[in-house]
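Notes for the one structure printed next.
Letters go in sequence order (proteins before strands), and every chain restarts at 1. Computed from a predicted structure; not experimentally measured.
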Number of protein chains: 2
Amino acid sequence: MATRWLTQEQQRWWRAYLLGTAALQEALNRQLETDAEISLSEYEILVRLSEAPQRTVRMSELAASVMHSRSRLTHTVSRMERRGLVERQACEDDGRGINCVLTPIGFDLLDRTAPGHVEAVRTHLVDLLTDEEFRVLGHVMEKIAAGPQAD
Amino acid sequence: MATRWLTQEQQRWWRAYLLGTAALQEALNRQLETDAEISLSEYEILVRLSEAPQRTVRMSELAASVMHSRSRLTHTVSRMERRGLVERQACEDDGRGINCVLTPIGFDLLDRTAPGHVEAVRTHLVDLLTDEEFRVLGHVMEKIAAGPQAD
DNA sequence: GGCTCCAAGTTGAAAGTGCAACTAACTAGT
DNA sequence: ACTAGTTAGTTGCACTTTCAACTTGGAGCC
């Protein structure tokens, strides 16, 4: 079958996508790294934990919620544990499971870091767009995250 | 000054953004890696080179065009050079400059890889959206790539 | 020419990530 | 109870990316 190439315009949007996401990623990581010595993915982990009951989430759930491989999460959590930001606990009802718990130190860090991070998200993303544009972006991203439906 | 937190809805879009970009990145990388043992960023480098006159671009320009640090590009190009995909040449008019040139082997690889990649971009992005949505996405991404204007 | 400053590119080490192999524990079928 | 298959999580190694330090060459100024 002949390849359905992208049109000129589509190529332009696609390239913009690559550059835009790279730029944003870069900006947010830099802000978090300089202000809190933490990466965006670590920050996301702190957020997920802070929102959970008991500030506790199982490793596999946590991995899924931030779209990391289990291996990657293991490494990242180990580093964060060394810094005292989180702790591991055995899981009551499943002998294989490990719960990841946010420590007071981790919560404090999140607390202190959040304002600067939110400000950066505004500066580099939200404030650049109209409400409608942001809404469409969100919508579009939900579709992309869901991925091609395997029917 | 009080932090301007995100609204519930904005948080939702923001989270969708994080998940969506991660999912797409993952999908495209996987496709390229299994089909051509190449990463998305290496693919992008091949594309930029293939489009340039003489299939040649200076290292610093190349780095800027794919939003990589100079250091990162140096390492990546070294790896690609080892595989025979690109070559380095001294720059005529600037003793410091290095030109990166696409080799026939590199061009062939790109040629063979492009259809599968484009197909993946369609499957995981373009075909999931209406034309209008994609247009808005592109527009939005151009703004994000441009970043906050420092006035 | 001889300064100083900046830009281009590389280097090596440290940190992050992916992959495959591994252990341990749950599940199901018999 | 036993076995096979599956899921949770970790580990070690290879590979990738970042960061700071370094080398080299150009630009401007006196």
Side-chain angles (χ1 to χ4, degrees), chain A residues 18 21-23 25-46 56-83 85-101, chain B residues 21-23 25-45 56-83 85-101:
Chain A
L18 288 172
T21 52
Q25 179 88 15
E26 152 86 8
L28 296 181
N29 262 312
R30 182 169 305 282
Q31 184 270 326
L32 281 171
E33 206 69 57
T34 54
D35 288 9
E37 296 194 319
I38 211 175
S39 69
L40 179 54
S41 28
E42 288 169 330
Y43 182 89
E44 281 302 305
I45 290 172
L46 294 180
T56 299
V57 182
R58 262 185 83 159
M59 292 293 282
S60 51
E61 275 180 52
L62 191 51
S65 78
V66 293
M67 291 270 280
H68 290 184
S69 67
R70 272 192 241 93
S71 168
R72 177 177 175 186
L73 188 66
T74 294
H75 289 302
T76 306
V77 164
S78 298
R79 286 190 300 265
M80 293 173 78
E81 197 172 20
R82 256 178 257 133
R83 293 176 59 183
L85 305 178
V86 301
E87 267 172 16
R88 278 186 241 238
Q89 287 179 354
C91 192
E92 294 293 323
D93 43 315
D94 187 339
R96 300 165 300 180
I98 301 278
N99 283 325
C100 186
V101 189
Chain B
T21 53
Q25 179 89 16
E26 152 86 9
L28 296 181
N29 262 312
R30 182 170 305 281
Q31 185 270 324
L32 281 172
E33 206 69 58
T34 53
D35 287 10
E37 296 195 320
I38 211 175
S39 70
L40 180 54
S41 29
E42 288 169 329
Y43 182 88
E44 281 301 305
I45 290 173
T56 298
V57 182
R58 263 186 80 159
M59 291 293 282
S60 51
E61 274 179 54
L62 191 50
S65 79
V66 293
M67 291 270 280
H68 291 184
S69 66
R70 272 192 247 91
S71 170
R72 178 177 175 186
L73 187 67
T74 294
H75 288 302
T76 306
V77 164
S78 298
R79 286 189 300 265
M80 294 173 78
E81 197 172 21
R82 256 178 257 131
R83 292 176 59 183
L85 305 178
V86 300
E87 265 171 17
R88 279 185 241 238
Q89 287 179 353
C91 193
E92 294 293 323
D93 44 314
D94 187 339
R96 300 165 298 180
I98 302 279
N99 283 325
C100 186
V101 189

Do any pairs count as a salt bridge (Lys or Arg N to Asp or Glu O under 4.0 Å) and have a residue in residues 91-100 of chain A, sequence neighbours left out, and if so which ones?
A:R58-A:D94, A:D94-A:R96
Base, sugar-phosphate, or nothing for A:R88, non-hydrogen atoms under 4.0 angstrom?
sugar-phosphate
Test B:C100 against every option in B:V86, B:L73, B:T56, B:V57 by the side chain to side chain contact (heavy atoms under 4.5 Å, CB included) rule and name the one that passes.
B:V86
Closest non-hydrogen atom pair, B:H68 against B:S41:
CE1-CB, 3.3 Å
Closest non-hydrogen atom pair, A:M59 against A:T74:
CE-CA, 4.0 Å
What is the distance, rounded to the nearest whole Å, between atom CG of A:D94 and atom P of D:dG9?
8 Å
Gap between atoms CG and C1', on A:N99 and D:dG9 respectively (whole Å):
13 Å
Which whole-number value in Å describes the distance from A:R30 CZ to D:dT17 C1'?
13 Å
Distance in angstrom units between B:R83 CZ and D:dC15 C1', rounded:
13 Å
For A:E37 and D:dC19, give me the distance from atom CD to atom P, rounded to whole Å.
12 Å
For DNA chain D, whose closest nucleotide is more 5', that of A:G97 or that of A:E33?
A:G97
Using a 4.0 Å cut-off to any heavy atom of chain A, which nucleotides of DNA chain C are the first and last in contact, reading 5' to 3'?
C:dG16 to C:dC26
Looking only at side chains, do B:Q31 and B:D35 share a donor and an acceptor under 3.5 Å apart?
yes
Counting C-beta onward and ignoring hydrogens, is there a side-chain heavy-atom pair between B:Q89 and B:I98 closer than 4.5 Å?
no
In whole angstrom, what separates A:H68's NE2 from D:dT10's C1'?
17 Å
Atom of A:N29, atom of A:L40 and distance for their closest heavy-atom approach
OD1-N, 2.9 Å
List in numerical order all residues of residues 70-81 of chain A for which some heavy atom is under 4.0 Å away from an atom belonging to DNA chain C.
A:S71, A:R72, A:H75, A:T76, A:R79
Check whether any side-chain heavy atom of B:E26 sits under 4.5 Å from a side-chain heavy atom of A:M67, and report yes or no.
no
Expressed as a whole number of angstroms, how long is the span from A:D93:CG to D:dA8:C1'?
13 Å
What's the shortest heavy-atom distance between A:R83 and A:A36, and which atoms?
NH2-O, 3.6 Å
